[in-house]
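Residue numbering restarts at 1 for every chain, and letters A, B, ... go by the order of the sequence lines. The basis for the numbers below is simple: all heavy atoms, side chains too, and nothing from hydrogens, waters or symmetry mates.
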There are 2 protein chains.
Amino acid sequence: MAPERKTTIMDIARLTGLSKGTVDRVLHNRGEVSKKSREKVMEAVRELGYEPDLNASILARREVHTIALLVPSDEKGSFWELALSTLDKVRENLLPMRIRIRHFSYDQYSEESFRDACLGMLESRPSAVVIAPMFRAGTLTLVGVLQQRGIPYAFIDSKLEIDGYTAYYGMPLYKSGYLCADLLTGGKEISDVLIVRVHRDKERQSDPTVNRRAGFMDYMLQNCPACTIHSRFIDPADPDASLATLEAFFGEHPQVRHIVMFNSRVHLLLPYLRSHPDRERRVIGFDNLEANLQALRHGYITMLIGQHPDEQVGLAIQAMADLIVFGRQPVRRDNFMHMDILTKYNIEDY
Amino acid sequence: MAPERKTTIMDIARLTGLSKGTVDRVLHNRGEVSKKSREKVMEAVRELGYEPDLNASILARREVHTIALLVPSDEKGSFWELALSTLDKVRENLLPMRIRIRHFSYDQYSEESFRDACLGMLESRPSAVVIAPMFRAGTLTLVGVLQQRGIPYAFIDSKLEIDGYTAYYGMPLYKSGYLCADLLTGGKEISDVLIVRVHRDKERQSDPTVNRRAGFMDYMLQNCPACTIHSRFIDPADPDASLATLEAFFGEHPQVRHIVMFNSRVHLLLPYLRSHPDRERRVIGFDNLEANLQALRHGYITMLIGQHPDEQVGLAIQAMADLIVFGRQPVRRDNFMHMDILTKYNIEDY
DNA sequence: AAAATTTCCGTGAACGTGCACGGAATCCGA
DNA sequence: TCGGATTCCGTGCACGTTCACGGAAATTTT
C-alpha cells in the first residue's frame, strides 16, 4: 500500500558513495572500474534489490540491436508463410525496444542457398540469431561461427542434438508421430496403412519428418504389429504423376483405408481423394495450412495435427530479445509446444 | 535504411508554432485549448504521422492505473486456480507500464458474495474491469454502474448477451458442446449416453455449461436421433452418495458406454470409473485441471476438451491495458479461443 | 620529484513525454 | 476604460537511464 518507489541507479550510487556513472559501468561491465568499487556496487545492488527501469533504459539507449531470422522461404501457401504470418506484429512490438528483425530466407531444398543465406545473415552483424535448420552439415558450420563470435542463437521447428543453443521452440516431433498413429488407428488394430512421402524430403537431413516417422513406426510396432505398412513417393511438382501413383497403388491394394503424411502437404492428396470418395477412409496429416484446413472442412481429411508456427517464431525472437535487453537466459531451454488436434468442428477458432 | 528519427512532440510543436505543452493538451484532450490550435495540431499530427513514444510516456507518467479482476475464488485444484496461475507473470509484465492488477474473488455459488466482491472492487476505483460472470442479475447491475461511471469492462469465460463490453475472451461454448458430442460418438450412431451434472450448477444462470449442453443436444438430435440421453446429478461435497448414484444408474443401464460432463469436474467420476474398469467405455470432460489430466494419463478419461483459461485472463487484461495506455479498442470484440482436444498422447506439452 | 601514463570516476547532456505553475491574452460588464 | 474573470498557452522540471568527455587519483617513468 505504501507508495514504495523502486530503487534507482541513484539510490545505489548514494549508498556506495559513488556516482551514477560508475554504477552504470559496473552494471554493464564496460569501461574501467576498480575492483573495490565493483564489489561495493554489486553488494548494494543485491541489498536494495535493484532492477533497471526498462523504459528509461530503452529511452536512453543509443544503438539498435538486430535479431536475424534464418528460415526457409515463405512461398504462398507453404508452412513457412504460416510461420511468418505474424512477423510484422512481432517486429512492431520489438521496435520500441530498439530491436530490429532482419529476415533471411533460403530454399529448403538447396544446401547451397542455405550457405548463401548464412553469409548474408552474418554480414548484418546480428546480436542474436533464430534458425530453422534443414541441413545438418551447413547448420553445424554456421553454429561454429556463431559460437566463436559469441552470438547467441535459438532453434525453431526442429533442432540439432548439440549443446550451445539458447532455446528451442517446436513440436515434440517423435511424439507427434506417435500421436498421429493413435489417432489414425483410433486405438484399434488395423490391417494396412499407406505412408505418402514427398521425394525431395529425402535430401534434407534435419527436418521434422524424420522423427515423426520414427514415432509413428514405434507406435505401430507396439500396438499394431500385424499391420502392413505401405509407402509411396509423390512429386509435388507433378500432380498428374502423383495421382497416377496413388491410383496404381489403390488399384493393387483396395483394402487400404488409412493414409498418413508426415509433412505439411497432405493437401497434395486432394485430387485423388476427391475423385475416389470413401466414407470409411481415414486421412491424417500435419499443419494448418489453408489448403489443409479446406480439405478438413470438406471431410477429405479426417484430422490434422497442428501447431502454431507463428508462435514459435514469436517466442524464439522474444526470448532472444529478452536475452539482449535484460541479459537473462530463458527459463526453459527446450520448449516443446502443444500439438493441436483439429477436426472439422474445432478449426474455426484456430 | 536512413537513420530516420521518429517524429516527436517537439516536431509537431515546431511545425504548428505552438509549444509542446499545448500539443500535449490536445493529444490528451485535457485543459483548455482554442479550436484553431487544436485543429492545427491534429492536422500536423496526421501529416507527420506522429505516434507517442511509449517508453517516454510511461517514464514520465505520474499516476498508476489499476485494473480490477473479478472472478470466482481460485480454490486448490479448481478451474480458477488454473486460470489465475499466470496472473503474477501478467502482473509483472504490466508493472513497468504503471498498471496494477487487483484481484477480487467471490464464491461462485453465492450471489451475495458476488455482490460483496463488486462493492469492494468498485471501491478500488479501477480504470478498467475484467469480469467472469456467473450470475446474470448481479452482473447486469454491476455493468450498469460501470457504464454510468465510464469504466470499461471485459468478459472472460462466458459473457452476457448485452452490448457495451470492450472485449470477450473465451471458448465458443455452444460449439464446444457440439464438438464434444462428435468426439464422444466418434461419428458413429450410439444407443445411450449419460450426462452427469453437478447439483449446484443449477443455481447459476450465466455459466458455461448451459450453452455447452445446448450444443451437445443439437448434435445428438441431428446425428444420433435414436440415442437415449440419460442424466444424473451428483454432489461434489458427498463422494459416497455420488458413487452410489452412479452404481445405481449403471446397475439399471449396463449398456451405457458413453459418459460426458460439461463442467471441469469430470474427475469426480474417478471413484466409480476406477472400481468398474471397462476398456470399451468412452468418457469426455472439459478443462485441463491436474486431476483431469491424471485421469486422462491413466486411461480413465478418454478425451478432454481443454482451453487455456490463463491466456484468456492474460489477454483480457492486456486488452484493457492497451485501452488505458494507448486508448485504442481491441481489434476484435469477441475473441473465441481455440478448443484443445487432449488425449493421453498430447497432454504432456500442454 | 616532476612528468608522463594509466586507471579510475564524476559531471552533465541527452532520450521524449507528463504535468504543475503561473503568465499573457481575451472577454465582459459597469 | 478599467478591473477582474476566463480562456488559452509557454516554461521548466521530473522520470531513470546511457554515454561521451574530461578531470582527479594512482601508478609508472625519467
Requested in this report: Check whether any side-chain heavy atom of A:M42 lies under 4.5 Å from a side-chain heavy atom of A:V26, and answer yes or no.
Outcome: yes
Query raised in the report: Atom CG of A:N29 and atom P of D:dT18: how far apart are they, to the nearest Å?
Result: 12 Å
**Report entry** Whole-Å distance separating the CG atom of B:N55 from the P atom of C:dG18
**Finding:** 12 Å
**Report entry** N or O in side chain of B:T22 less than 4.0 angstrom from D:dC9 OP1/OP2
**Finding:** no
Query raised in the report: Say you draw a straight line from CD of B:E32 to OG1 of B:T22; how long is it, rounded to the nearest 0.5 Å?
Result: 12.0 Å
Report task. Could you tell me how the ring of A:H308 sits relative to the ring of B:H338: parallel (under 30°), tilted (30 to 60°) or perpendicular (over 60°)? Result -> perpendicular
Requested in this report: Choose from C:dG10, C:dG18, C:dC8 the nucleotide whose nearest atom is closest to any side-chain atom of B:D24.
Outcome: C:dG18
Query raised in the report: Starting at CZ of B:R61 and ending at C1' of C:dC15, how long is that distance when rounded to a whole Å?
Result: 18 Å
Query raised in the report: Within the structure, does a side-chain N or O atom of A:S34 lie under 4.0 Å from either OP1 or OP2 of C:dC9?
Result: yes
Requested in this report: Give one of base, sugar-phosphate or nothing for B:L27, where a contact means two heavy atoms less than 4.0 Å apart.
Outcome: nothing
Query raised in the report: B:I9 CD1 to D:dC9 P: how many Å, rounded?
Result: 15 Å
Requested in this report: Record whether the side chain of B:K6 comes under 3.5 Å of the base of C:dG16 through a donor-acceptor pair of N or O atoms.
Outcome: no
Query raised in the report: C:dG18 phosphate, OP1 or OP2: any side-chain N/O from B:S57 under 4.0 angstrom?
Result: yes
Report task. Classify the side chain of A:K20 versus the base of D:dT18 as yes if they form a donor-acceptor pair under 3.5 Å and no if they do not. Result -> yes
Report summary line: With the side chain defined as heavy atoms from C-beta on, B:S37 is closest, among C:dC19, D:dC9, C:dC9, to D:dC9
**Report entry** Between D:dG10 (C1') and B:R25 (CZ): distance, integer Å
**Finding:** 8 Å
**Report entry** Side chains of B:M10 and B:V23 in contact at under 4.5 Å (non-hydrogen atoms)
**Finding:** no
Query raised in the report: From the list D:dC9, D:dG16, C:dG18, which nucleotide is the closest neighbour of the side chain of B:V33?
Result: D:dC9
Query raised in the report: Checking A:T139 side chain against A:F135 main chain: does a donor-acceptor pair fall under 3.5 Å?
Result: yes
Query raised in the report: Nearest to the side chain of A:A60 - C:dA20, C:dG16, D:dG16?
Result: D:dG16
Requested in this report: Report the distance from atom CG of A:D88 to atom NE2 of A:H103, rounding to the nearest 0.5 Å.
Outcome: 10.5 Å
**Report entry** First of B:G21 and B:L59 reached from the 5' end of DNA chain D, by closest nucleotide
**Finding:** B:G21
**Report entry** Whole-Å distance separating the NZ atom of B:K35 from the P atom of D:dT7
**Finding:** 16 Å
Query raised in the report: Choosing from C:dC21, D:dG16, D:dT18, which nucleotide comes nearest the side chain of A:R30?
Result: D:dT18
Requested in this report: Mind calculating the distance between CE (B:M10) and C1' (C:dG18) to the nearest angstrom?
Outcome: 14 Å
Query - Interatomic distance where CG belongs to A:D53 and C1' belongs to D:dT18 [whole Å] - result: 13 Å
Report summary line: Considering only heavy side-chain atoms of B:E32, the closest of C:dT17, D:dT7, D:dT18 is D:dT7
Query - Phosphate-side-chain proximity, A:S19 and C:dG10, N/O vs OP1/OP2 below 4.0 Å - result: yes
Query raised in the report: Donor-acceptor pair under 3.5 Å: do we get one between B:R98's side chain and the base of C:dG18?
Result: no
Report task. Could you check whether B:I58 gets within reach of a base, just the sugar-phosphate, or nothing at all, counting any heavy atom under 4.0 Å? Result -> nothing
